[in-house]
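Accompanying notes for the structure given below.
Just so we're on the same page: letters track the sequence lines, and every chain starts at 1. Everything numeric here is computed off the predicted structure, so don't read it as measured data.
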Amino acid sequence: MNNDQTPNVSNFIRNIVKRDIESGKHDKIVTRFPPEPNGHLHIGHAKSICLNFGIAAEFGGATNLRFDDTNPLKESEDFARAIMHDVRWLGFEWNELRHASDYFQQLYEYAVHLISNGKAYVDSQDAEAMRSSRGTLKEAGTNSPFRDRTVEENLDLFERMKNGEFADGKHVLRARIDMASPNMNLRDPAIYRIRKVSHHRTGGQWNIYPMYDWAHGISDAIEGITHSLCTLEFEDHRPLYDWFLENIPAQCHPQQIEFARGNLDFTVMSKRKLRQLVEEEYVNGWDDPRMPTIAGLRRRGYTARSIRTFWKEAGVSKAESIIPMGVLENAIRNDMNENAPRLMAVLDPVKVVLTNYPEGESEILEAASHPQKPEMGSRSVPLGREIWIERGDFMEDPPRKFFRLRPGGEVRLRNAFIIQCNDVIKDSEGKVAEIHCEYDPDSRSGLPGASRKVKGTIHWVSVAHGVRAEIRLYDRLFNTANPLADKQRDYLEFLNPESLKIIMDAVVEPAVNDAQPGEFFQFERVGYFCVDPYSSSSAQPVLNRTVSLRDSWAKLNR
RNA sequence: UGGGACGUGGCCAAGUUGGUUAAGGCACGGGGUUUUGAUCCCCGCAUUCGCAGGUUCGAGUCCUGCCGUCCCAGCCA
């Protein structure tokens, strides 16, 4: 239920694909995931990845990874590498790796074809003139004075654009469609612009670069894509997508289908904003565990499976929606609950002395790695006369229904003994410094005396054996559900100042020393944590909190 | 009367060409098990599908009108 066994939910795209296969329109489907290599992938891209790769896999088709690298000003090989890594990490392998830039020559030839048929022309207006003659949403645009150049002149000019004879912005190639169209995309859209800059893959080979609309559909056609899935904002571009393919000798005509992006609350998802958070150092890089990027989620401890399951359960539709962060958190909890070995860690330690425990002695207890899965084995947990417990697990004057330790009260130490509190030692400020308890030797886990009913069970770590660790407590990046809702205020004002709390003196049971970077655990009664892949060392383990456990006690006290 | 789309319980979302009682998940409420106040297991949770009319023996599914929300005026993708 919390793995890839989750049944596929029916959605309108799957229905279209299914129908196309049953009707024989296609006997094999081909999809593509087409990121622009100008930033890192985020959880929203994961939806598209899961959809494109998932649906092709389900129907025995193939999916290409294609970089939409038509704007050399913004793109880089570094981003491309990071994207490939993230796609693979998510668990998908592409059929072929392609680039829009692989098709630059073909795209150019098709443009010449368009010009030759009088369907495109070189416009020499400047950007400002083009903008003002485009009209408005309610008024038609006006034709460019260059719209009726001869085919020969257009051909000549376009070739010279390609050859680098003109400066950036001097001319642009436009499709000749309809300046009065109610659809702004059809008002003679630009298809080539001059950019005398080096491209990360084609170098200085080109002085002109195709626009998205021109490059995308043709790339789809070249690759034999059957279903070109994209987000809702491209709905208005579909008539243009189709117009282009109808006006070139394309070998196939893919169907563009739009679906709603996936949004999450308490975060932002635009590449521009994520880049700002990184560049202005509101976070520590693209892979900061608070970021909704794939890299951030990975470092936070999210598994690829949990992300896949999350999107599978969220479904795909055309209705714009914002999914609560709690749903994503629930996905990783389910995965971790199933697969995370259990350990004990004390985040806010207070010392307990077992006064009837022999001085200088200790013992090794065996504790199951998972309460419901004996096959996951066990680990050794040392216990001595002094242990750390959570400060919050003791109260001198507790409220009703407090099941933990109190003066005179009994509590079970997880995997160990039942103890009873006899004395409380305080420091000069009245803060609890030490709690004195007696333990019941007959109540050790596994012994008959352990079956005694005790209201509460708390976790603990031996003072003599515990390992000091740095623990990073991550919380939501923003303190409001929709940081963009308030148009008067900048979204940065809603950054949660408590999104990261660092605890330097937490204590973890020694089994943590065997942990590898990236490995995850449940710290019982606390939450799910993973070993930070970069900062952690055996001398000073660093653990990131992925997500806390559900806490109905805390909820009750809210 | 610019154009394009969307509107099913708190949040997602399924609803085959109109046909008996509107899936499922999350959240929420109640109960049980439990050496994690975790997990797990039961039970409950829309007489109603943005609103108003209409067609029909029968409509969330068809028609008309209205309301609300989102997208489009980059030589970005």
Could you spell out the base pairing of RNA chain B as a dot-bracket line? Use Watson-Crick and G-U wobble contacts where both distances are under 3.5 Å, [ ] for crossing pairs, | for partners on a different strand.
.((((((..(((......[....))).(((((.......))))).....(((((..]....))))))))))).....

Quick one: label [X] by what it contacts on the DNA or RNA (base, sugar-phosphate, nothing), any heavy atom closer than 4.0 Å.
{"X": "A:I322", "result": "sugar-phosphate"}
{"X": "A:A450", "result": "base"}
{"X": "A:N11", "result": "sugar-phosphate"}
{"X": "A:F310", "result": "nothing"}
{"X": "A:K455", "result": "nothing"}

Measuring from the side chain of A:Q372 (C-beta onward, heavy atoms only), which nucleotide among B:rG37, B:rU36, B:rU39 has the closest atom?
B:rU39

Would you tabulate the nitrogen or oxygen pairs shorter than 3.5 Å linking the protein to nucleotides 42-45 of chain B?
none

Rounded to the nearest 0.5 Å, the CG atom of A:L240 sits from the NE2 atom of A:H216 at a distance of 12.0 Å

With sequence neighbours excluded, what pairs up with A:H237 under the ring-ring contact (aromatic ring centres under 6.0 Å, His included) test?
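Partners of A:H237 by the ring-ring contact (aromatic ring centres under 6.0 Å, His included) criterion, ordered by chain and then number, come out as A:F234.
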
Readout for nucleotides 71-77 of chain B: B = base within 4.0 Å of protein heavy atom, S = sugar-phosphate only, - = neither; 5' to 3' it is BBBSBSB

B:rG18 glycosidic torsion: syn (within 90° of 0) vs anti
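This nucleotide is in anti.
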
Between A:K373 and A:E338, is the closest basic N to carboxylate O distance under 4.0 Å?
yes

Which pairs, protein N/O on one side and nucleotides 28-32 of chain B N/O on the other, fall under 3.5 Å?
from	atom 1	to	atom 2	distance (Å)
B:rC28	OP1	A:K555	NZ	3.0

For A:E77, give me all partners under salt bridge (charged side-chain N to carboxylate O under 4.0 Å, His left out), at least two apart in sequence or on another chain.
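Counting only residues at least two positions away or on another chain, A:E77 forms no salt bridge (charged side-chain N to carboxylate O under 4.0 Å, His left out).
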
